[in-house]
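Shown next, in structure tokens, is the structure this report addresses.
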Amino acid sequence: MTDWREDMSAAGGETRTDGGHAVAEPVTSLYESAADEAVQRASFLDGEIPVAVYGLGKMGLPLASVFAETCGNVTGADVDPAVVETITDGGCHVKREPGLADLVGELAADDALTATSEPRAAAEDASIHVVIVPTPITDAHEPDLAILDAVVEDIARGLSAGDQVIIECTVPPRTTADRVLPTLESVSGLDRDEFGLAFCPERTSSGRALEDIRGAYPKVVGGVDDESARVAQLIYEEINSKGVLTTSDATTAECVKVFEGLYRDVNIALANELGTYTDELGIDIREAIDVANTQPFCDIHDPGPGVGGHCIPYYPYFLIEPFETDSTLLETARAVNDSMPAYTVEKVRDGLAEDGTELSEASVVVLGLTYRPGVEEIRASPSIPIAEQLSEAGADVYGVDPMLKSFEEFSLEPVELEEVSDMDVDTVVLVTPHDEFESIRWGDVSRKDGTPPLVIDGRDALEEGTVEGDVYTIGVGYDE
Ligand SMILES: NC(=O)C1=CN([C@@H]2O[C@H](COP(=O)(O)OP(=O)(O)OC[C@H]3O[C@@H](n4cnc5c(N)ncnc54)[C@H](O)[C@@H]3O)[C@@H](O)[C@H]2O)C=CC1
Ligand SMILES: CC(=O)N[C@@H]1[C@@H](OP(=O)(O)OP(=O)(O)OC[C@H]2O[C@@H](n3ccc(=O)[nH]c3=O)[C@H](O)[C@@H]2O)O[C@H](C(=O)O)[C@@H](O)[C@@H]1O
């Protein structure tokens with residue numbers, strides 16, 4: 001018996017005797033709990049308050065794992081049976097997350113984390129519901145909240161008085177208050193003051209998820225009412241060592257998350273546009289950016305071949321599409337970033353023309369197809385349009401990505417890294433510099449006539465002198 005229950009009886013909450021001592025009963029839910037906050041906090045930490053995490057992907061599995069290491073009573077719900085089976089067996093399908101595989105194995109072995117493919121069943125048993133499912137956009141760039149709606153309905157059908165619902169996936173502002181709350185009320189039949197709802201954004205990057213979730217920076221919390229904010233704050237004070245920033249309401253918290261992403265997209269667009277001045281100015285633009293960034297009012301990001309992932313290129317549309325307010329800058333930044341794949345293909349075309357090679361007759365290898373190194377995600381990856389445009393120009397296009405098994409999204413022929421040195425290659429385009437590419441023996445990669453290929457370095461990833469032939473680096477130009 002945790003000794004915190006000793007003499008807690010006088011502080012509120014139900015009591016019972018235990019060997020002659022009055023002890024406070026733990027609570028099994030937090031919203032509008034009459035128990036002393038210390039009893040609520042301890043009940044959460046003791047696993048008395050079941051947690052369900054909906055979505056066990058790149059973000060959901062690390063999140064569920066940190067909740068489970070904190071409270072020891074988490075059910076992860078995912079519609080992908082393979083995901084559920086892997087986690088149930090103590091496995092980890094999310095790659096290259098330091099510490100995650102071991103943690104999931106330990107938590108599954110201790111039953112601190114279990115997985116189910118039945119979100120509705122998970123909702124029946126849980127009292128804290130954490131949602132971290134995809135919130136993509138449609139081909140028409142409209143926010144697609146169908147998955148969120150489905151999960152919220154599942155939760156509503158299992159919602160009980162005293163429960164707390166937390167939305168962690170990024171959503172268009174006003175979604176929590178105007179879409180999620182009404183659904184929870186209408187489907188559950190509960191009154192609005194019987195359950196809690198807060199937006200607490202996932203401020204985490206793949207590759208450092210556990211570190212970020214445990215406390216790289218404060219957790220943002222925005223409740224639809226003060227009690228919802230109080231409960232969310234109590235929970236995340238136990239999860240995040242950097243503490244909690246509570247905003248005035250859920251919509252403000254939604255804006256915090258979206259604004260972080262919009263800042264990044266606009267900033268990258270500035271870097272990309274500056275990068276396109278490289279040839280006309282005849283300088284290393286990246287050098288100018290690095291030096292400009294040495295004073296605190298400047299943080300220009302890096303130019304590159306495009307902006308991928310299901311976050312940064314998507315979030316601008318969470319404001320552009322649903323609202324009437326003018327979004328010229330956001331739309332322009334999206335257009336600049338979406339123009340970088342074509343810019344990259346032009347560098348291939350121009351570079352080959354210098355040697356009298358037509359792009360339509362060239363053999364081109366695209367290195368790195370995921371949207372950034374070490375992350376198994378291809379949504380909005382720049383390599384998709386780059387491969388498409390090279391193919392449309394008539395080139396023979398090949399692709400290398402050690403993280404991928406399926407290449408059907410790409411207009412190219414997949415090849416293993418080891419095969420590249422046996423091929424006739426006119427150009428290599430480095431889009432996403434996975435660690436594995438550091439082992440490339442560039443001296444073995446050549447054109448049909450044995451001369452070195454043209455290399456386009458999209459990410460300034462190659463050390464000077466690594467490659468014998470001509471290297472064009474986006475934002476730098478040709479190496480001398
Ligand atoms: N990936 C990132 O770097 C970050 C993502 N986010 C937010 O988190 C959300 C999720 O991102 P990821 O984990 O990367 O996505 P992901 O695609 O890696 O994983 C999503 C998981 O949700 C599951 N799922 C789909 N429909 C479901 C349903 N109806 N019920 C239960 N599970 C369902 C899928 O099977 C999959 O396992 C994103 O949409 C974004 O809003 C926030 C910060 C960082
Ligand atoms: C504001 C911010 O830094 N958001 C982070 C971002 O992470 P994400 O995994 O999307 O990667 P990212 O580093 O932003 O890169 C997105 C894309 O932009 C490209 N990129 C990135 C930085 C840069 O200077 N230039 C550039 O071209 C990357 O190559 C990639 O294709 O989005 C995440 C999210 O919200 O999903 C968020 O949690 C992360 O903290």
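Ligands are counted one by one from 1 in listed order, and the atoms in each one are counted from 1 as well.
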What do you reckon, does [X] have a nitrogen or oxygen under 3.5 Å from a nitrogen or oxygen of ligand 1?
| X | result |
| --- | --- |
| Lys257 | no |
| Glu377 | no |
| Glu168 | no |
| His93 | no |

- Item | Member of Ile167, Thr170, Val220 meeting the side chain to side chain contact (heavy atoms under 4.5 Å, CB included) criterion with Pro201 | Val220
- Only residue of Asp154, Val171, Leu148 satisfying side chain to side chain contact (heavy atoms under 4.5 Å, CB included) with Val131 is Leu148
Lys/Arg-Asp/Glu bridge criterion (N-O < 4.0 Å) met for [X], [Y]:
| X | Y | answer |
| --- | --- | --- |
| Lys347 | Asp279 | yes |
| Arg459 | Asp302 | no |
| Arg379 | Glu377 | yes |

Please confirm whether [X] comes under 4.0 Å of ligand 1, counting heavy atoms of the residue only.
| X | value |
| --- | --- |
| Ala77 | yes |
| Arg203 | no |
| Tyr315 | yes |

Below 4.0 angstrom from a heavy atom of [X], which ligand 1 atoms are there? Numbered from 1 as shown, please.
| X | result |
| --- | --- |
| Ile147 | 26 (N), 27 (C), 29 (N) |
| Asp80 | 35 (O) |
| Thr135 | 39 (O), 41 (O) |
| Cys311 | 2 (C), 4 (C), 5 (C) |
| Arg379 | 16 (P), 17 (O) |

- Query: Would you say the side chains of Thr176 and Glu254 form a donor-acceptor pair under 3.5 Å?
  - Reply: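 The answer is yes; a qualifying pair exists.
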- Query: Would you say the side chains of Thr432 and Tyr371 form a donor-acceptor pair under 3.5 Å?
  - Reply: no
Below 3.5 Å, N or O to N or O, backbone or side chain included: is there any such pair between [X] and ligand 2?
| X | answer |
| --- | --- |
| Gly308 | yes |
| Arg264 | yes |
| Ser206 | no |
| Glu260 | no |
| Arg372 | yes |

Residue, atom name and distance, where the atom is the protein heavy atom closest to [atom]:
| atom | answer |
| --- | --- |
| atom 23 (C) of ligand 1 | Asp78 OD2, 3.2 Å |
| atom 24 (N) of ligand 1 | Val79 CG2, 3.8 Å |
| atom 9 (C) of ligand 1 | Val133 O, 3.5 Å |
| atom 42 (C) of ligand 1 | Glu202 O, 3.5 Å |
| atom 22 (O) of ligand 1 | Pro134 CD, 3.5 Å |
| atom 44 (C) of ligand 1 | Thr204 O, 3.1 Å |
| atom 5 (C) of ligand 1 | Met59 CG, 3.5 Å |
| atom 8 (O) of ligand 1 | Ile132 CD1, 3.3 Å |

- Worked verdict on Tyr315 versus His310 for ring pair (Phe, Tyr, Trp, His ring centres under 6.0 Å): CA-CA 8 Å; Tyr315 294 170; His310 54 77; 8.4 Å; no
Contacting atoms of ligand 2, where contact means under 4.0 angstrom from a heavy atom of [X]:
| X | value |
| --- | --- |
| Lys257 | 34 (C), 35 (O), 37 (C), 38 (O) |
| His301 | 24 (O) |
| Tyr371 | 8 (P), 9 (O), 10 (O), 11 (O), 29 (O), 30 (C), 31 (O) |
| Val307 | 17 (C), 18 (O), 31 (O) |
| Tyr315 | 34 (C), 35 (O), 36 (O) |

Nearest heavy atoms of [X] and [Y], plus distance in Å:
| X | Y | result |
| --- | --- | --- |
| Gly76 | Leu113 | N-CD1, 4.2 Å |
| Ala68 | Ala112 | CB-O, 3.5 Å |
| Ile147 | Pro134 | CB-O, 3.9 Å |
| Leu197 | Gln164 | N-OE1, 4.1 Å |

- Message: Just to be sure I'm reading this right: ignoring hydrogens, which of Asp302, Asn267, Val375 gets closest to atom 25 (N) of ligand 2? Compare them by their nearest heavy atoms.
- Response: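 Nearest option to atom 25 (N) of ligand 2, by heavy atoms: Asp302.
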- Message: Minimum distance, heavy atoms only, to atom 15 (O) of ligand 1: which one of His310, Glu153, Arg372 is it?
- Response: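 Among His310, Glu153, Arg372, the closest heavy atom to atom 15 (O) of ligand 1 belongs to His310.
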Measuring from non-hydrogen atoms of [X] to any atom of ligand 2, is the shortest distance under 4.0 Å?
| X | result |
| --- | --- |
| Arg459 | yes |
| Cys311 | yes |
| Gly306 | yes |

- Message: Quick check against the 3.5 Å criterion: does Asp144 have a side-chain atom that pairs as donor or acceptor with the backbone of Ile137?
- Response: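 No, because the side chain of Asp144 does not come within donor-acceptor range (under 3.5 Å) of the backbone of Ile137.
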- Please lay out, stage by stage, how Leu274 and Ile300 fare under the test side chain to side chain contact (heavy atoms under 4.5 Å, CB included). CA-CA 10 Å; Leu274 296 178; Ile300 304 170; 4.2 Å; yes
- Task: Could you tell me whether Val151 approaches ligand 1 through its side chain, its backbone, both or neither, with non-hydrogen atoms closer than 4.0 Å?
- Result: side chain
- Query: Between Glu376 and ligand 1, which residue portion shows a heavy-atom distance shorter than 4.0 Å: side chain, backbone, both, or neither?
  - Reply: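 Glu376 to ligand 1: no contact under 4.0 Å from either part.
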- Please step through ring pair (Phe, Tyr, Trp, His ring centres under 6.0 Å) for the pair Tyr31 and Phe195, ending with a clear verdict. CA-CA 6 Å; Tyr31 188 79; Phe195 63 90; 7.2 Å; no
- Message: Nearest 0.5 angstrom please: Glu97 CD to Ser206 OG, how far?
- Response: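 Result: 5.5 Å between the selected atoms.
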- I would like to know whether Leu369 and Val431 meet side chain to side chain contact (heavy atoms under 4.5 Å, CB included); could you show each step before the answer? CA-CA 7 Å; Leu369 304 180; Val431 177; over 6 Å; no
- Item | Thr204, portion touching ligand 2 at heavy-atom distance under 4.0 Å |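 The part of Thr204 near ligand 2 is the backbone, not the side chain.
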- Plane angle bin for Phe67 and Tyr236 - parallel if under 30°, tilted between 30 and 60°, otherwise perpendicular: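 Tyr236 and Phe67: perpendicular rings.
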- Would you please classify the geometry between the Tyr317 ring and the His141 ring as parallel, tilted or perpendicular, with 30° and 60° separating the classes? parallel
